[in-house]
Amino acid sequence: MIRPPTPPKGDGAGTAPGPNPPDRPTMSSSDRPVVTRIAPSPTGSMHIGTARTALFNWLYARHHGGTFLLRIEDTDRERSTEAAVQVILDGLAWLGLEPDAPAVFQFARADLHRQVVHDLLAKGRAYRCYMTIEELAAERERSRAEGRAIRSPWRDQEAPPGSNLPFTVRFKGPLQGETVVNDLVKGPVTFRNRDLDDLVLLRSDGAPTYNLAVVADDHDMGITHIIRGDDHLNNAARQSLIYRAMDWPIPAFAHMPMIHGPDGAKLSKRHGAQAVGEFADMGYLPEAMRNYLARLGWGHGDDELFSDAQAIAWFDVKDVVSAPARLDWNKLNHVNNHYLRLADDQRLADLVAEAMNRQGRATEPDDLQKLLSVIPLVKDGAKTILELRDLCAFVLAHRPLTLDAKIIAMLDAETRERLERLSLALRDEAAWTPETLLARLREFVTAEGVGLGKIGAPLRGVLSGGAPAPDLASALTALGREESLGRIADALSQLR
RNA sequence: GGGCCCUUCGUCUAUCGGUUAGGACAUCAGAUUUUCAAUCUGGGAAGACGGGUUCGACUCCCGUAGGGCCUACCA
């Protein structure tokens, strides 16, 4: 693939005749300090693809010592709610990708957008279109059948008809030549201008549209690099035309591939999760998400597990892969397990308690302390906080434990007697550490003339009641002497 | 229908004309073993297809097939 040099010299797009015409001098985006932005629309959830785009924008800004901004694209009044805005704010905060300035709300800037439309109209680069919904639908059908872009008859019709007819304002794009978007990840992408329709700038109710607002805001906010999803690549050409019409420098574009589900189809709820809040609820750590998401569609040699500092040092949009990627739960789990091992136990204890509460299980005052004692013993085997929660649950159980049939079946007379003797042997174990307990266990089975397996399974059952538990010595350690011996005694008296 | 993007193991990726095509996850086998897990060792697994260009192509060009995005008075 042919790629432009990075950072790009000059504009991110050019207009024909030639693919890279000698432009009039405009300020180059690369001369300015880097400013990136994430511009989600508040629709109720924050898609994981949006999260990754945010991450890439954040990494790029950090790498260049630039600024990372947030703009809420709330021009669609029907769908935008305050709650939905909060979801975005919470999502970014959870991911640790907070913007360097307060969020900019697009709808609040409608006056600025209208001013741009006014300027475009004055320059003759926009026109009022009086097509009705029906006429538009008919034209859409015609154009589709003819395989061409939609055209409005009002494009070249100066005189408006009646005075009070509703109209939209459309951009008056060139019909000849071509527009090339010098995308930082795709390379130069050429569009014939005649394939680009005249997009609506102002709705008939006077509200600015996305394609206008995005250009006006990105310019006004001084965005130098537009890093966004692949789905906007087509828009980039038409947006470039607006920059040009306004005599604004064109920012550098970098279109990220999409994230698909494991089956290659568009990622949806069906694939298990799609919103960042869902990943949080499923027990993934934000640092694991950052690492995994960064690795999905971007690479730095064979590096798989890396810190934020490394990602920032290494990140470059030219290393972003151009093909869409599929979400792989196995790999996410692996990465999450890695960060679970690294995580502070106190933090994990809090998260586990929180997960238990969400499950409807109230935690008691000394539970946190108990969790703290097991977590280091079991976290290596957990892929998520939810799994960790289940792995920890046995310590919090209250005596007497209810034993399931499988465990009761193991407790025959011989085993019960042996457990009795083991209990006695453990009673005076002074140190009560995994090491000493394991040694004591081994001594015991040797003295009994049996293998560890003979006593291990029933002991485990009695200690955990059938819930998952770590190895015997660890389980005993986590439970403590009193609780451990108590649970054994409970079981023995229960079956006597 | 039209425009645009994409195509290396099952998955994420490395390779920037010359490699036994590397790594990670998953998987399989073995070791260990007190269930599960963890851990250790080893194995299998890829350039969509067809044409070019070239001494030489996964790498460059063209075509085909497949997938995706856009084609809104949504963003």
Side-chain angles (χ1 to χ4, degrees), chain A residues 1-3 39-43 73-76 78-80 106 129 131 133 136 140 143-150 166-170 181 183 185-186 189-192 194-197 199-211 213-214 229-238 255 257-258 260 262 264-266 292 295-305 321-335 337 341 378-383 387 391 406 438 441 445 451-461 464 466 468-473 475:
Chain A
M1 175 185 298
I2 305 159
R3 285 179 172 140
S41 57
T43 53
E73 311 252 303
D74 55 352
T75 53
D76 183 344
E78 304 276 306
R79 291 196 291 174
S80 302
Q106 190 159 63
C129 170
M131 288 175 92
I133 304 290
L136 198 56
R140 201 186 330 274
S143 63
R144 197 185 171 91
E146 291 168 27
R148 58 167 177 80
I150 288 178
F167 61 87
T168 60
V169 176
R170 284 183 184 272
V181 174
D183 192 272
V185 353
K186 307 285 185 195
V189 182
T190 305
F191 297 84
R192 284 184 309 250
R194 65 176 153 89
D195 291 330
L196 273 18
D197 59 19
L199 35 82
V200 173
L201 269 17
L202 223 50
R203 300 186 178 95
S204 53
D205 64 357
T209 60
Y210 163 77
N211 276 297
V214 82
D230 232 355
D231 48 340
H232 290 286
L233 182 55
N234 290 286
N235 287 333
R238 298 188 297 180
H255 290 94
M258 313 290 279
H260 290 159
K266 190 175 179 142
Y292 175 72
R295 197 63 191 74
L296 196 60
W298 171 77
H300 182 267
D302 285 339
D303 296 301
E304 298 286 348
L305 271 0
V321 174
S322 51
R326 301 180 184 199
L327 183 73
D328 181 19
W329 293 102
N330 284 321
K331 189 123 179 201
L332 209 209
N333 284 336
H334 172 76
V335 173
N337 172 260
R341 289 166 184 247
V378 300
K379 67 178 183 180
D380 284 6
K383 292 190 281 286
E387 281 192 11
L391 255 19
K406 220 170 106 191
L438 182 60
L441 243 22
V445 294
L452 239 188
K454 203 70 182 166
I455 195 74
L459 210 212
R460 175 192 301 280
S464 75
D471 66 270
L472 290 176

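Worth saying up front: this structure is predicted, and the values here are computed from it rather than measured. Here is how names work: the chains are called A, B, and so on, in the same order as the sequence lines, proteins then strands, and each is numbered from 1.
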Taking the minimum atom-to-atom distance to the side chain of A:Val189, which one of B:U71, B:A75, B:C4 wins?
B:C4

Okay, side chain of A:Lys379, backbone of A:Arg341: is any donor-acceptor separation there less than 3.5 Å?
yes

Please tell me if the side chains of A:Asn333 and A:Tyr292 come closer than 4.5 Å, counting only heavy atoms from C-beta onward.
no

Is A:Gly461 touching bases, backbone alone, or none of the nucleic acid, heavy atoms closer than 4.0 Å?
nothing

B:U13 to B:G47 separation - C1' atoms, rounded to the nearest Å
13 Å

Quick one, give me the B/S/- string for nucleotides 25-34 of chain B, reading 5' to 3', where B means a protein heavy atom under 4.0 Å from the base and S means that only happens at the primed atoms, P, OP1 or OP2.
SS-------B

With distance as the sole test, does A:Asp328 use its side chain to make a donor-acceptor pair with the main-chain N or O of A:Pro262 at under 3.5 Å?
no

Classify A:Ala469 by what it touches in the nucleic acid, base, sugar-phosphate, or nothing, heavy-atom distance under 4.0 Å.
base

Using a heavy-atom cut-off of under 4.0 Å over every strand shown, decide if A:Arg148 touches base, sugar-phosphate, or nothing.
nothing

Touch check for A:His260, heavy atoms < 4.0 angstrom, all strands: base, sugar-phosphate only, or nothing?
sugar-phosphate

Take atom P in B:U11 and the same atom in B:C49, then report the distance between them in whole Å.
15 Å

OP1 or OP2 of B:U39 less than 4.0 angstrom from a side-chain nitrogen or oxygen of A:Arg341, does that happen here?
yes

Within the pair A:Arg170 and B:C73, is there a side-chain N or O less than 4.0 Å away from OP1 or OP2?
yes

5' precedence on RNA chain B between A:Asp76 and A:Arg144 (nearest-nucleotide basis)
A:Arg144

One thing to verify: whether A:Asp303 and A:Arg295 come together as a salt bridge, which I'm taking to mean a side-chain N less than 4.0 angstrom from a carboxylate O.
no

For A:Leu196, does its backbone N or O pair with a side-chain atom of A:Arg238 as donor and acceptor, under 3.5 Å?
no

May I ask you to say what A:Arg194 touches in the nucleic acid, namely base, sugar-phosphate or nothing, with a heavy-atom cut-off under 4.0 Å?
nothing

Mind checking A:Ile150 for me? I need base, sugar-phosphate or nothing, with any heavy atom below 4.0 Å counting as a touch.
sugar-phosphate

Select base, sugar-phosphate, or nothing to describe what A:Glu73 touches, counting heavy atoms under 4.0 Å on all strands.
sugar-phosphate

Is the phosphate of B:A72 approached by A:Arg140 (side-chain N or O, under 4.0 Å from OP1 or OP2)?
yes

How would you label the contact of A:Pro324 with the nucleic acid (heavy atoms, under 4.0 Å): base, sugar-phosphate, or nothing?
sugar-phosphate

Here's a test for you: under side chain to side chain contact (heavy atoms under 4.5 Å, CB included), which of A:Ser41, A:Pro42, A:Pro40 qualifies with A:Asp74?
A:Pro42

Would you name the heavy atoms of A:Leu391 and A:Ala382 that are closest together and state the gap between them?
CD2-CB, 3.9 Å

Can you tell which of B:U71, B:C12, B:C69 lies closest to the side chain of A:Asp197?
B:U71

The side chain of A:Asp380 lies closest to which of these nucleotides: B:C73, B:A38, B:A24?
B:A38

Span that lies between the P atom of B:A21 and that of B:C16, in whole angstrom
14 Å

Among the nucleotides B:A14, B:C73, B:A75, which one has an atom lying closest to any side-chain atom of A:Asp302?
B:A14

For the P atoms, the ones on B:C9 and on B:G3, what distance do you get once it is rounded to whole angstrom?
29 Å

Please compare A:Ala145 and A:Gln106 by the position of their nearest nucleotide in RNA chain B and report the one closer to 5'.
A:Ala145

Selected nucleotide, minimal atom distance to A:Lys186 side chain, candidates B:C5, B:U71, B:G3
B:C5

A:Arg326 has a side chain; which of B:U11, B:G3, B:C5 sits nearest to it?
B:U11

Would you indicate, yes or no, if B:A75 has its OP1 or OP2 atom less than 4.0 angstrom from a side-chain nitrogen or oxygen of A:Thr75?
yes

Any donor-acceptor pair, under 3.5 Å, between the side chain of A:Ser204 and the base of B:C73, if you only look at N and O atoms?
yes

Pair A:Asp197 + A:Arg170, salt bridge at N-O below 4.0 Å
no

Using a 4.0 Å heavy-atom cut-off, does A:Asn235 contact any base of the nucleic acid, only the sugar-phosphate backbone, or nothing at all?
base

A:Ala325 has a side chain; which of B:C5, B:U13, B:C70 sits nearest to it?
B:U13

Over all strands shown, is A:Tyr292 touching base, sugar-phosphate only, or nothing at heavy-atom distances under 4.0 angstrom?
nothing

